[in-house]
Amino acid sequence: MSLTVENIKKTKSNLNYPSQLFINGKYQKSISEKSFENISPIDGSIVNQVFFAEQEDIDLAVSKAKETFNKGYWSNLSPGERKKILLKFAILLERDRLELSLLDTIDMGKTINDTYNADLPTSIDNIEWYAEIIDKLFDDISPSSKEYLGLITKEPIGVVAAIVPWNYPLWMAIWKIAPALITGNSVILKPAEQSPMSAIKIGALLSEAGVPDGVFSVLPGDGPITGKSLCLHNDIDCVAFTGSGEVGKLVLQYSGQSNMKRVQLECGGKSPNIIFADCDDLDRAAEASAYAIFGNQGEVCSAGSRLIIQKDIEKDFINKVVQLSKKMQPSDPLNPDSFAGAIVNTEQLEKINKYVNIGKKEGADIEVGGNITMKETGGCYFEPTIFKNVKNNMKIAQEEIFGPVLTTLAFSDFNEAVSIANDSEYGLAAGVWTNDINKAIRASREIRAGTVYINNYEEGVDSTIPLGGYKQSGIGRDNGAQALENYLQVKSTWVKIT
Ligand code: NAD
C-alpha cells in the first residue's frame with residue numbers, strides 16, 4: 001500500500017486503537033481495570049483509555065514468561081526454527097505497515113512519512129537481520145590440554161523486560177525484542193505511557209507468526225509503577241532499557257535492590273557535530289546538520305544538538321542552517337508531505353520552552369525560532385530554533401533538551417574542537433566534517449562517543465552496526481551482533497576425556 005492521502009484516510013477510518021494488556025497469548029484488561037487517558041499531541045484529543053498494568057498483572061505475565069522459558073517451548077527451539085517465526089513476524093509488520101505507522105503517528109505526533117518510510121522499514125530490517133544471523137553463529141571450543149574438552153556455549157538469559165521510550169515507539173521496541181527473542185528469551189515489553197498502541201498491537205502479530213503463548217507479553221503503564229515493579233521483580237533476569245539517564249540510574253539501583261539482574265541502558269545524549277573549515281561540501285554539511293537536530297522534531301537521542309563550527313566559517317554556516325530550518329517547520333503529522341510533526345505532549349513542549357528561556361537568560365542569542373506554534377490545532381508544536389553565541393558551560397549546551405533546539409559554538413583549532421566535544425557528561429554520538437582523512441580519524445579516536453559519523457550524520461545507519469553510549473549515555477549496545485550479548489549467558493563446560 002502506498003502512502004497517499006486516500007490510503008491514510010481509509011486506513012485511519014477503520015483503525016482499531018489497541019488498549020489492553022497482552023498476556024499469555026491474549027488481550028485482557030488489567031486485573032484492577034485501572035486505565036489511563038491516551039492523548040494525541042496532534043490536536044490534544046483523547047484517543048482511548050489504555051489499561052494500566054500493576055503488580056498483579058506483572059506477576060501474571062512474569063510467571064507465564066518464566067514457565068514457558070523453563071518448559072523450553074521457545075528457548076529450546078533451534079535457532080533455525082525461531083528464525084522462521086521471526087521472519088513471518090517481519091512479513092506481518094509489512095502487511096500492517098500503514099496501520100502501525102498511524103498508531104505511532106497518532107500516539108506521539110511524528111509524521112506519517114517518518115513512521116511509514118523510516119520507522120517501519122527499519123524495524124522490519126532489524127527483525128530480518130537478527131533472524132538471518134542467528135543460525136550462522138557458532139560457539140567455541142577452548143585451546144585447553146588434551147585431557148579436557150572445554151566448551152564455551154551461549155544460552156538465553158531467561159525473562160527479559162524491555163522498557164522503551166516514546167520517540168520511536170515501535171522501532172525502539174524492536175531493537176530490544178528482536179535480539180532478545182531470537183536468542184530464545186521470554187520477553188515482556190513495557191512501552192512508554194505516551195505511545196503504547198503499536199506495542200500492544202504487535203502482541204497479536206507475534207502470536208500469529210507462531211511465538212508460543214506466554215513468551216511475549218505487553219504491559220502498558222507508567223514508569224514509577226509498572227516500569228519500577230518490572231525492574232524490582234526477582235523473576236526477571238535482565239532489563240533492557242532505553243530512556244533518560246535519570247531513569248537509567250534508577251534502573252541500576254532497582255537491580256541492586258532486587259536480584260542483581262543484568263541491566264542494559266541506552267540513555268540520552270548531547271551530541272557534538274564538528275564542522276571544520278576544510279570540509280569541501282558545506283552545503284551538504286549544513287543540510288545534514290539541520291536534519292540532525294530538526295528531524296523527528298529533535299526528539300532523537302543522538303540528535304546533533306551541539307553544532308561546533310570553525311570560526312572562519314561560523315557566520316556563513318549558521319546562515320545556511322537558518323535558511324534550511326525555514327523549510328523544516330512543523331505541520332500536520334498526518335499529511336504525507338510534512339517534514340516535522342508534533343512534540344509528544346504538553347510536558348515535553350513546556351520543557352523545550354523552559355530551556356529556550358534558560359538559554360536567553362544565560363546570554364545566548366536566538367538566531368531563529370524560539371516559539372510554541374500552531375496553537376490553533378490544540379496540539380503541541382515548536383518552531384525549529386537556533387541559538388548562537390553559546391558557551392559550552394551553559395545549560396542549553398550541557399543538558400538534553402530533546403526538541404528542535406540547536407546550540408551553536410565556535411572553535412579555533414582541532415584541539416579546541418575535540419575538547420568542546422568531550423566536555424559533556426554524555427557520549428552517544430558525534431559528527432565530524434572535514435576533507436582531511438587524518439584529521440577525521442584522529443577526531444574519531446579522540447572523541448569519547450559510541451558512534452562517530454564522518455562527513456555524514458546518521459545517514460547510513462542500519463542494523464549491522466552497534467549503537468550505544470560512552471559515559472552517561474549508557475551501558476551495552478543495541479544493534480549489530482554485539483546486541484545479542486545483552487541477552488545471552490556464557491556457559492563453560494569442562495569435559496574430562498578418559
Ligand atoms: P524516560 O526515561 O522518561 O522513560 C523511558 C521509559 O522508562 C518509559 O517506558 C517510562 O515509562 C519508563 N520509566 C520511567 N520511570 C521509570 C522508573 N522509575 N522505573 C522504570 N521505568 C521507568 O524517557 P523518555 O522521555 O520516554 O524518552 C526520552 C529519553 O530516551 C531521552 O533521554 C533520549 O535520549 C532517550 N533515548 C535514548 C536512545 C538511545 O538509543 N540511546 C534512543 C531513544 C531515546
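Since the structure is predicted, the reported quantities are computational estimates derived from the model, not experimental observations.
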Do [X] and [Y] have side-chain heavy atoms sitting under 4.5 Å apart?
X	Y	value
Arg82	Trp74	yes
Ile8	Leu102	yes
Pro336	Val5	yes
Glu56	Asp59	no
Ser123	Asn126	no
Phe52	Leu219	no
Glu266	Leu467	yes
Leu151	Asp139	no

Check this for me: [X], atom [atom1], are more than 12 non-hydrogen atoms of other residues, nucleotides or ligands nearer than 6.0 Å?
X	atom1	result
Lys228	NZ	no
Ile465	CD1	no
Lys496	NZ	yes
Ile152	CD1	yes
Lys84	NZ	no

Practice item. Give the intermediate values and the outcome of side-chain hydrogen bond (donor to acceptor under 3.5 Å, both in side chains) for residues Asp107 and Asn38. Key: CA-CA 8 Å; Asp107 250 352; Asn38 186 24; 2.8 Å; yes

Exercise for review: For side-chain contact (heavy atoms from CB on, under 4.5 Å), just list the numbers for Phe382 and Leu349, CA-CA rounded to whole Å, side-chain angles, deciding distance to a tenth of an Å, and then say yes or no.
Suggested key: CA-CA 7 Å; Phe382 206 88; Leu349 189 69; 4.1 Å; yes

**Study point:** CA sep, side-chain torsions, deciding dist, call: Phe402, Trp166, ring pair (Phe, Tyr, Trp, His ring centres under 6.0 Å)
**Key:** CA-CA 12 Å; Phe402 222 54; Trp166 45 260; 5.4 Å; yes

Distance-only side-chain donor-acceptor flag, [X] / [Y], under 3.5 Å:
X	Y	result
Asp125	Ser463	yes
Asp43	Ser45	yes
Ser142	Ser144	yes
Ser32	Glu54	yes
Ser258	Lys261	yes
Asn167	Asn296	no
Lys176	Thr242	yes
Asn48	Ser19	no

Practice item. Supply the atom-to-atom distance Leu488 CG to Asn185 CG, rounded to the nearest 0.5 angstrom. Key: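 It comes to 7.0 Å.
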
How close do [X] and [Y] get, heavy atom to heavy atom, and via which atoms?
X	Y	value
Pro333	Ile42	CG-CG1, 3.8 Å
Arg95	Leu205	NH2-CD2, 3.7 Å
Tyr487	Ala240	OH-CB, 3.5 Å

Between the main-chain N or O of [Y] and the side-chain N or O of [X], is there a donor-acceptor pair closer than 3.5 Å?
X	Y	result
Ser473	Leu428	yes
Ser271	Ala429	yes
Asp222	Thr226	yes

Exercise for review: List the steps and the verdict of side-chain hydrogen bond (donor to acceptor under 3.5 Å, both in side chains) for Thr4 and Asn7.
Suggested key: CA-CA 5 Å; Thr4 60; Asn7 284 339; 3.3 Å; yes

Review point. Is the charged tip of Lys34 near the ring of Phe51: under 6.0 Å from the six-membered ring centre and within 45° of its axis?
Key: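 Negative - Lys34 is either too far from the ring of Phe51 or too far off its axis.
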
Practice item. Would you check, one step at a time, whether the test side-chain contact (heavy atoms from CB on, under 4.5 Å) holds for Arg306 with Ser424? Key: CA-CA 11 Å; Arg306 286 188 298 147; Ser424 168; 3.6 Å; yes

Point to revise | Worked verdict on Lys154 versus Gln489 for side-chain contact (heavy atoms from CB on, under 4.5 Å) | key: CA-CA 6 Å; Lys154 306 242 174 104; Gln489 282 287 15; over 6 Å; no

Exercise for review: Could you point out which residue of Glu399, Lys395, Glu350 forms a side-chain hydrogen bond (donor to acceptor under 3.5 Å, both in side chains) with Tyr355?
Suggested key: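 Single side-chain hydrogen bond (donor to acceptor under 3.5 Å, both in side chains) partner of Tyr355 among Glu399, Lys395, Glu350: Glu399.
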
Review point. What do the steps show when you test Asn479 against Thr464 for side-chain contact (heavy atoms from CB on, under 4.5 Å), and what is the final call?
Key: CA-CA 6 Å; Asn479 287 343; Thr464 61; over 6 Å; no

